[in-house]
Amino acid sequence: MKNYTKISDINNLNQTIKDAIQLKVNPFQYQSLGKQKTLVMLFFNSSLRTRLSTEKAAKQLGMDVMILNVNDAWNLEFEDGAIMKMDKSEHVKEAAQVISQYADIIAIRAFPTLIDKQKDTSEFVLNSFLKYTSVPIVNMESATAHPLQALADAITIEELKSLAKPKVVLSWAPHPKALPQAVANSFIEMMQYLDVDLTITHPKGYELSNNVVKNTKVSYHQNEALKDADFVYVKNWSSYKHYGEILSQDSNWMMTKTKLGTAKFMHCLPVRRNSVVEDAVLDSEQSVVIQQANNRTFSAQIVLKQILENL
Amino acid sequence: MKNYTKISDINNLNQTIKDAIQLKVNPFQYQSLGKQKTLVMLFFNSSLRTRLSTEKAAKQLGMDVMILNVNDAWNLEFEDGAIMKMDKSEHVKEAAQVISQYADIIAIRAFPTLIDKQKDTSEFVLNSFLKYTSVPIVNMESATAHPLQALADAITIEELKSLAKPKVVLSWAPHPKALPQAVANSFIEMMQYLDVDLTITHPKGYELSNNVVKNTKVSYHQNEALKDADFVYVKNWSSYKHYGEILSQDSNWMMTKTKLGTAKFMHCLPVRRNSVVEDAVLDSEQSVVIQQANNRTFSAQIVLKQILENL
Amino acid sequence: MKNYTKISDINNLNQTIKDAIQLKVNPFQYQSLGKQKTLVMLFFNSSLRTRLSTEKAAKQLGMDVMILNVNDAWNLEFEDGAIMKMDKSEHVKEAAQVISQYADIIAIRAFPTLIDKQKDTSEFVLNSFLKYTSVPIVNMESATAHPLQALADAITIEELKSLAKPKVVLSWAPHPKALPQAVANSFIEMMQYLDVDLTITHPKGYELSNNVVKNTKVSYHQNEALKDADFVYVKNWSSYKHYGEILSQDSNWMMTKTKLGTAKFMHCLPVRRNSVVEDAVLDSEQSVVIQQANNRTFSAQIVLKQILENL
C-alpha cells in the first residue's frame with residue numbers, strides 16, 4: 001500500500017481483514033518491520049481513540065512515534081498564491097515537505113469546516129499533504145472520510161457475523177452539534193465492498209452524497225429499515241444538502257432496545273448517551289462498540305504494516 | 001499490587017520503601033519487566049513533576065508510554081443516566097473501557113472541584129475508571145489523595161532520618177489560591193503507617209477530615225507544634241469544613257528559618273517562595289524538596305514494578 | 001561539549017559541520033550512545049521544525065525523549081526574591097533543579113518578550129536553567145540566539161557552496177508581526193566564524209546589536225548588497241534599537257526572483273509567502289529551505305552526540 005487516505009487504497013480487502021484479525025494473536029509479531037522508522041501524527045483536531053490506537057499500532061510494529069498538535073505550532077495556509085499577511089504563519093507547501101523529511105509515514109486528522117462544502121469536498125488538507133510530501137499519508141479522519149474507522153468496523157462485523165450475508169442498517173440519530181458526514185460515508189463505502197445487505201435510514205434532508213450512496217437502499221422509515229437487521233450502525237451527521245445544518249433533533253430517531261431487536265449495536269464513539277442511543281442499548285450485551293474501538297488498533301496496524309512493507 | 005489508588009494498596013510498606021531505595025542503584029535493572037507493556041497517562045489537570053517522573057519511571061521499566069491530555073480530546077460525562085445534550089461528548093463508561101484496551105496500566109490525574117464536597121469525596125473520576133476499566137489504575141493525584149507523593153515522602157524520610165522514631169510536623173501555610181487537601185491527607189495517612197511521632201498544626205477552620213486525622217495530635221499553635229521537630233512538611237490546603245474556602249492568608253504561618261530550627265524542610269512542590277516559605281529555608285541545606293522530587297521517580301517505579309509483576 | 005546555548009560552545013566548528021554531514025550516511029550509527037539517557041524538551045513557545053527535528057535527532061541516538069509544553073504545567077517565576085502571590089506557581093530555582101533530575105540533557109525553547117530589552121538580553125530563561133540545573137542545556141531558540149538553526153545553515157552552505165569563499169547576504173524582509181532578532185543574530189555569528197564574504201542589508205532603524213554585527217558590512221541598499229551573491233538568507237526581525245517595534249512593512253524589501261539573480265535562497269522557516277518572499281523564489285530550484293529544515297535534524301544530532309560523549 002502506498003497511502004491510506006481512502007478505502008480503495010486497500011488492494012485485497014478480504015485478505016486485509018483476515019490479516020488484521022490474525023495480528024491480534026500476537027500484536028508484536030512484526031515488531032522488527034518498523035524499526036528505525038518514524039510515524040509523525042498530525043492533529044488539526046481533537047482525538048482520543050484514533051490518537052491512542054494509532055500510536056499503539058505503530059509502536060507494536062516497532063516504529064518511533066512523534067505527535068504534533070498543529071495548534072501547538074501555528075496556523076497553516078492552504079491557498080495557492082496567498083499573500084500571507086494575516087494569521088497563517090506557514091504554507092502547507094513548506095510544512096508538508098519539511099515534515100516528510102522527519103517522517104517515514106505521516107498520519108493526519110483534519111475535520112471539515114462544515115461551512116464551505118466545496119473546500120471540504122476537495123479535501124484540501126489531506127490532498128495538500130499528499131501533493132507536497134514524499135512519504136505515505138494515512139487518513140486519521142478527514143473532511144469526508146474515516147477509512148481507519150471503516151476498516152475497524154469491517155473487522156468487527158467479520159468477527160461477529162453469523163450469516164454469510166448479514167443485514168446491516170446505518171441509522172441516523174439526533175445530536176445537539178453539527179457533525180461531519182465522514183464516518184457515515186466511509187461505513188457505507190466499506191459495506192458496499194463487502195458481502196452484506198445494506199440499508200440506510202434517516203429523516204428527509206439528511207441524504208448523503210450520491211457519490212457515496214450509489215445504489216444502496218435508502219428509507220425514511222426507521223422501523224421499516226431496521227426490520228430483521230443483524231447489525232445496526234447508529235450515527236449522527238449534519239445535512240449534506242443544506243450543508244452542515246442541523247435540520248432535526250427529533251428524539252424519535254434515537255436508538256432504543258425495542259427498535260434494535262436482536263441486532264448488534266455499532267457506533268464509532270464518542271457517543272452521547274440517551275441522545276443518540278439509550279443506556280439500555282449501550283449497557284446490553286448487544287453493544288459491540290468497545291470491540292469496535294479495540295479493532296481500531298488492528299485496523300491501524302494492518303494499514304501501517306502494508307505501508308511499511310511497501311517502503 | 002492490583003491498583004495504586006490509595007496508600008493501603010501497598011502490601012508491605014516498609015519493604016516497598018526499601019525496594020524503592022534499592023532501585024536507585026540501577027534504575028534499569030528491571031527494564032525487561034515492562035517490555036511490550038503500555039502505560040497510558042491521562043491528565044485532567046496540569047502537571048510537571050508527576051508527569052515527567054511517572055513517564056521516566058515507566059520507561060526505566062521498559063514500558064511504552066502514551067500520554068493524553070484529556071482536554072486535547074473532549075469533556076467526559078460521569079453521571080449515570082445523563083441525557084448528553086450539552087458540553088460532554090463521551091461518557092466515562094465508554095472512555096474507560098476503550099482506553100483500557102490500549103493500556104496495560106492507566107495512570108490518572110484528576111483534581112477536586114473544591115466546590116462539591118460530596119462529589120469530590122466520592123472520587124468520581126478515579127472510581128469511575130476503577131469501575132469500568134479492566135486494567136490496573138495508578139493515582140497521579142486525585143480529589144482527596146496523592147499516594148505517589150506520600151510514598152516519595154516516606155522514601156525521603158527513610159533516607160534522611162537519624163532517629164529511629166523522628167518527630168514529623170505537618171504545618172499549614174498561607175497561599176493565594178484555594179488548594180486541595182490531597183497532599184496533606186496522603187502525607188498524614190503515610191506517616192500514621194510509619195514509626196514517626198506526627199503532629200499537625202494549622203489555624204482554626206482548617207481541620208482536615210476526621211477519617212484522615214484520626215488520633216493524630218493537632219495543634220493550633222505552630223511554634224509549640226514545631227518544637228524539636230526533625231522533619232517539617234509545609235503545605236497549604238483550603239478549608240475542608242468550609243469546603244474549598246480560603247479562611248486565612250495570615251503570613252505569620254509562613255515557614256521561616258527561625259521557626260524551622262534544625263529540622264529538615266519538606267514540600268511536595270510547586271511551592272510559592274516567600275508566601276508559603278521564605279527563601280532562606282528553600283536555599284538552605286535543610287531543604288530536601290529536590291530530593292523529594294527525585295524520589296517521585298522511584299516511588300512511581302516501585303509501584304509500577306509491583307503492578308507489572310502482578311499482571 | 002558541555003552545553004549548546006551559543007555557537008561558541010562548539011569546539012571545532014569545521015569538523016563539527018563535516019561530522020554532521022557524515023551522520024546523514026547512517027543516522028543510526030551512534031544509536032547505542034544515547035541508550036538509557038533521557039532528553040527533556042521544554043517548550044515555552046510554539047514549535048514545528050525544532051520540536052520534530054530535535055526529537056528525531058535524539059531518538060536516532062537511542063535516547064528517550066520526554067516533552068513538556070510548559071503551559072501544560074504552570075507559569076514559572078524567574079525573579080530572585082519574588083514574593084509569589086500572583087500568577088506564577090513555581091520558581092525556576094525549583095523547576096530547573098527538579099527537571100534536571102529526570103533528564104540527562106534539557107533542551108529549551110524560550111522566545112524574547114520583545115518588550116523588555118534588558119530582560120531579553122539577559123537571557124533570563126535560558127540562563128536560569130543553566131544556573132540551577134546540573135545537566136547540559138541545549139538552546140532550541142532563546143531570546144537572542146538560535147544556534148541549532150545557525151548550525152543547520154552552516155551545514156547547508158557547506159553542502160551547496162561551489163566557491164571556496166562564497167558571498168553570503170543576509171537580507172531583511174517585511175513581516176506583519178514583530179519577530180525576534182535571534183535567527184539573524186546567530187546566522188551572522190555563524191558566518192563570521194566561517195570563510196565567507198558576508199553582507200547584511202536592511203532599512204534604516206533595523207540595525208542589529210553591535211555585539212553581533214562587529215565589522216560585518218552593512219548596507220541600506222538591498223540591490224547593491226545582493227550583487228553577485230551566492231547565498232541570500234532572507235529574514236525579518238523587529239527593530240533592536242526601537243526595541244520590538246515594526247518600523248517598516250515596505251514590500252520593496254520582499255525577496256523576488258529578479259533580485260535573487262542566480263543565488264541560492266535561504267530561510268529558517270516558517271516563511272510567509274508573498275510577504276517575505278514571492279512564490280516564484282520558493283517554488284524555484286534556487287530555494288534550499290527544505291534542505292535547511294532537513295539539516296536541523298543533523299545539527300541537533302551532532303550537538304547531542306558531542307554532549308553525550310562528554311557526559
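In the text below, chain A, chain B and the rest are named by the order of the sequence lines, each starting its count at 1.
T297(C) has its side chain out of reach of Q101(A): every pair of non-hydrogen atoms, C-beta onward, lies at least 4.5 Å apart. Proximity of E55(C) to Y102(A): side-chain heavy atoms (C-beta onward) are nowhere separated by under 4.5 Å. Taking the side chain as every heavy atom from C-beta outward, L282(C) and K93(A) never approach each other to under 4.5 Å.
Using a 4.0 Å cut-off between charged nitrogen and carboxylate oxygen, R272(C) and E77(A) do not count as a salt-bridge pair.
Heavy atoms closer than 4.5 Å to chain C are found in the side chain of L68(A), but not in its backbone. Heavy-atom distances place both the backbone and the side chain of L52(C) under 4.5 Å from chain A. With a 4.5 Å cut-off on non-hydrogen atoms, S53(C) touches chain A through its backbone and its side chain both. At a 4.5 Å heavy-atom cutoff, Q60(C) makes no contact with chain A through either its backbone or its side chain. If you measure heavy-atom distances from D279(C) to chain A, the contacts under 4.5 Å come from the side chain alone. At a 4.5 Å heavy-atom cutoff, the contact between R49(C) and chain A is made by backbone and side-chain atoms alike. Only the side chain of T38(A) comes within less than 4.5 Å of a heavy atom in chain C; its backbone stays farther off. Neither the backbone nor the side chain of N71(C) comes within less than 4.5 Å of any heavy atom of chain A.
In this structure, V65(A) and K59(C) approach most closely via the heavy-atom pair O-NZ, 3.0 Å. The two residues P270(C) and S89(A) make their nearest non-hydrogen contact at CB-O, 3.3 Å. Across all their heavy atoms, A82(A) and N274(C) have their closest contact at O-ND2, 2.8 Å. Across every non-hydrogen atom of S46(C) and A73(A), the tightest pair is OG-O, 3.0 Å. Here the shortest heavy-atom pairing between M84(A) and P176(C) reads O-CG, 4.2 Å.
D116(A) meets the side-chain hydrogen bond (donor to acceptor under 3.5 Å, both in side chains) test with no other residue; sequence neighbours excluded.
Around atom NZ of K24(C), more than 12 heavy atoms belonging to other residues, nucleotides or ligands sit under 6.0 Å away. Dense packing is recorded around CG of L247(C), with more than 12 heavy atoms of other residues, nucleotides or ligands lying under 6.0 Å away. The environment of CG in N11(A) is sparse: at most 12 heavy-atom neighbours from other residues, nucleotides or ligands sit within 6.0 Å. Within 6.0 Å of atom CD in E309(A), more than 12 heavy atoms from other residues, nucleotides or ligands are found, so the atom counts as buried in its surroundings.
Here the CG-CG distance, from L76(A) to L48(C), works out to 7.5 Å after rounding to the nearest 0.5 Å. Atom CG of D87(A) is separated from atom NZ of K177(C) by 9.5 Å, given to the nearest 0.5 angstrom. Considering CG of N294(C) and CD of Q97(A), their distance stands at 11.5 Å, rounded to 0.5 Å.
Of the listed residues (E94(A), E79(A), H91(A)), just one forms a side-chain hydrogen bond (donor to acceptor under 3.5 Å, both in side chains) with R273(C), and that residue is E94(A).
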